[in-house]
Amino acid sequence: GAVVSQHPSRVICKSGTSVKIECRSLDFQATTMFWYRQFPKQSLMLMATSNEGSKATYEQGVEKDKFLINHASLTLSTLTVTSAHPEDSSFYICSARDERTKETQYFGPGTRLLVL
Amino acid sequence: EDQVTQSPEALRLQEGESSSLNCSYTVSGLRGLFWYRQDPGKGPEFLFTLYSAGEEKEKERLKATLTKKESFLHITAPKPEDSATYLCAVQALGDYKLSFGAGTTVTVRA
């Protein structure tokens, strides 16, 4: 149990385009999901907390108009990187909070974004 | 602000050579301390959650312990497949966010 999927696993896009990443909890419902970014050789940095049916909460320094988050159902959250630029190239990872197991967060496999 | 410091940054072990990883933390009130394993190019894989000082949990060759200031991840008789980056994270009371340490990259040579 407690499986989280992400799609796509890898995406290459041109500068200025928008990219949508999906995060799904496959075998449990998640009222809260989280989006992280990880640069090479660095740890995970929380970008935002995604709450089902309400607005996401963004960490300091993260532009909410650039990183659009939608959590429309209990099993799906999406992150859209708008007008992507090369500096947005990174490894984006989502996690979902499993209320059944004392708030443990389970992570997706990650999405590698490369902006040319 | 919650702080998590992991040491060492990197650890190279011979197969069968047991060792420990350290995670020191500062948090206003601890809800839980989490250990994850991350392989290159993949998302973190959940290992353990510890909630109170004195608690211990085991899984195969891994054992996690917790005090009021730090946690240890002991690797007993490691195998090459235990090579990975081990991440420690804390969750504060009243919050669901995780604050991660920088990780310890473990390499086990056959």
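What you see below is based on every heavy atom in this structure, not just the backbone, and it leaves out hydrogens, waters and symmetry mates. Numbers restart at 1 for each chain; the letters A, B, ... are given by sequence-line order, proteins then strands.
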Step through the shown structure and confirm whether more than 12 heavy atoms of other residues, nucleotides or ligands are within 6.0 Å of [atom1] on [X].
X	atom1	answer
A:Arg10	CZ	no
B:Lys57	NZ	yes
B:Lys42	NZ	no
B:Glu1	CD	no
B:Gln3	CD	no

Q) What part of A:Glu59 lies closer than 4.5 angstrom to a heavy atom of chain B: side chain, backbone, both or neither? A) side chain
First locate atom [atom1] of [X], then atom [atom2] of [Y], and finally report the distance between them rounded to the nearest 0.5 Å.
X	Y	atom1	atom2	answer
A:Tyr36	B:Leu98	OH	CG	4.0 Å
B:Gln38	A:Ile93	CD	CD1	5.0 Å
B:Leu87	A:Leu44	CG	CG	6.5 Å
A:Ser95	B:Tyr36	OG	OH	6.5 Å
B:Lys97	A:Gln105	NZ	CD	11.0 Å
A:Thr104	B:Phe34	OG1	CZ	5.0 Å

Q: Among the options B:Pro44, B:Ser99, B:Gly43, B:Gly101, pick out the one with the most heavy-atom pairs lying under 4.5 Å from chain A.
A: B:Pro44
Q) Can you tell which of A:Lys41, A:Gln38, A:Arg112 has the highest number of heavy-atom pairs within less than 4.5 Å of chain B? A) A:Gln38
Same apolar cluster: [X] and [Y], side chain cutoff 4.5 Å:
X	Y	answer
A:Val81	A:Ile69	yes
B:Leu50	A:Tyr106	no
A:Met45	A:Phe91	no

Q. For the side chain of A:Ser43 and the backbone of B:Gly103, is there at least one donor-acceptor N/O pair under 3.5 Å apart?
A. no
**Q.** Centroid-centroid distance, A:Phe107 to B:Phe46, less than 6.0 Å
**A.** no
